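Indexing begins at 1, ligand by ligand and atom by atom, following the structure's order. Since this is a predicted model, take the numbers as computed values, not measurements.
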Amino acid sequence: MKIGIVIVAAGRGERAGAPHEGPKQYRRIGGEPVIRHTLRAFLTWEKAGPVVVVIHPDDESLFASAVHGLAKADRIIITHGGATRQQSVFEGLRTLSTTDATHVMIHDAARPFIDHPLLERIEALLGAGHVAVLPALAVTDTLKRAGENGIVQETVPRAGLYAAQTPQSFALTAIRSAHEKAAAARRSDFTDDAAIAEWAGLAVTLAEGAADNIKLTIRRDIAMADEKLSRQNALPDVRTGNGYDVHQLVSGDGVTLCGVFIPHDQSLSGHSDADVALHALTDALLATCGAGDIGDHFPPSDPQWKGAASRIFLAHAAEIVRQRGGVITNADISLIAEAPKIAPHRETMCQNLSEILGISRDRCSVKATTNEKIGFIGRREGIAAIATATVVYGVLA
Ligand code: CTP
Ligand code: MG
């Protein structure tokens, strides 16, 4: 079994918008022409044989630019369509008959959401010997028949009713001769290929269709498809900010780090409680939304911040981030201090961060290192901290 593909793309898309917007299969959804999505699905399916695309003679250059750079596009065989879908399919079948294909999947270019699982379901049925396979979904809406006057005449029982999709798939010679017969009988009113197969007496087997495999028909369908793909393609707007702070050690009775007072024979000197760790993290948070630094928001010259608990600064920065639509996803602090020992206090420090920022404990991290007795930190003249904040701000279009 060798499955050839016929993609019909010669329509004018009259229901989908103004003529100057061009045929719907070349309009862009998710940044790419509709037909490029459709073709990619088939070209990347490893069981696909020759791929015939039936285009309108006026669309040569539109088609060329729609597939420019598409992987495996050199496998595509182009042919020209006719005035009706039925004629376009017939042209495609004739062209496919010049290849070694034994079977054919006939698909609308205007159904870009075709997926491999559906192709596999159809292929399995063809492989089992079914001569005609129709992907379809059971109708779920209640159906009404109404007159021209808009008055309902009856409710149509929906049991046993299915909505047809494509790719409708066949043994190639069987569907080709069915089309030939239809043409010879001057029947041009068939709306799909399964109808021609039924008319020619072929048994048409149902395969389970896919809800996403819609045909873009009206303008609204194209807008909705574009929204759907744009959402999928959107990159999360993840931003990181870093912060650094250092304070001098002077003689005293203890230091405050990450909001924890640790008794020690030195103190950190500074205007507030000199909590270098929280100051560094405050700067890191502000840096994720271009909101300046801690000095802009809490000037050291302002007496109201004298001796202030630095958790106020951090909570304020978190509030600014949230007001700008940010969600804080991680806060990481490294302390560089020769003494006192940080390890016994790390858990309390992390819990403080979790509480001040209003995020879970596993999104908070405090680490510490000595400076190997070198430099000003090694000589116990000061303590430094560096911090990294990660904040997600919605999505990048
Ligand atoms: N098609 C085709 N040749 C035609 C008519 C239709 O190849 N003469 C293709 C369309 O390009 C489309 C598929 O058949 O991929 C399904 O047809 P439809 O949704 O009706 O598309 P259009 O005919 O282009 O749209 P409209 O009927 O609104 O003009
Ligand atoms: Mg049409």
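The nearest protein atom to atom 18 (P) of ligand 1, hydrogens excluded, is given as K24 NZ, 3.6 Å; this is a heavy-atom distance. At the top of the distance list for atom 23 (O) of ligand 1, counting protein heavy atoms only, stands G11 CA, 4.0 Å. Looking at atom 24 (O) of ligand 1, its nearest protein heavy atom turns out to be G13 N, 2.7 Å. Of the protein's non-hydrogen atoms, V8 O, 3.7 Å is the one closest to atom 9 (C) of ligand 1.
Considering both main-chain and side-chain atoms, A10 comes within under 3.5 Å of ligand 1 through a nitrogen or oxygen pair. Remark: ligand 1 and R12 share an N or O pair separated by less than 3.5 Å (distance only, no angle test).
The E14 neighbourhood of ligand 1 comprises atoms 25 (O), 26 (P), 28 (O), 29 (O), with distances under 4.0 Å to a heavy atom of that residue. The contact set between ligand 1 and A83, taken as ligand atoms under 4.0 Å from a residue heavy atom, comprises 8 (N). The atoms of ligand 1 that sit less than 4.0 Å from any heavy atom of S88 are 2 (C), 3 (N), 4 (C), 7 (O), 8 (N). For ligand 1, the atoms lying closer than 4.0 Å to a non-hydrogen atom of T84 are 3 (N), 4 (C), 8 (N). Taking a cut-off of under 4.0 Å to the non-hydrogen atoms of A110, the atoms of ligand 1 that pass are 15 (O). Atoms of ligand 1 found under 4.0 Å from any heavy atom of A109 (numbered from 1 in listed order, with element): 15 (O).
A cation-pi geometry, defined here as NZ or CZ lying under 6.0 Å from the six-membered ring centre and within 45° of its normal, holds between R239 and Y393.
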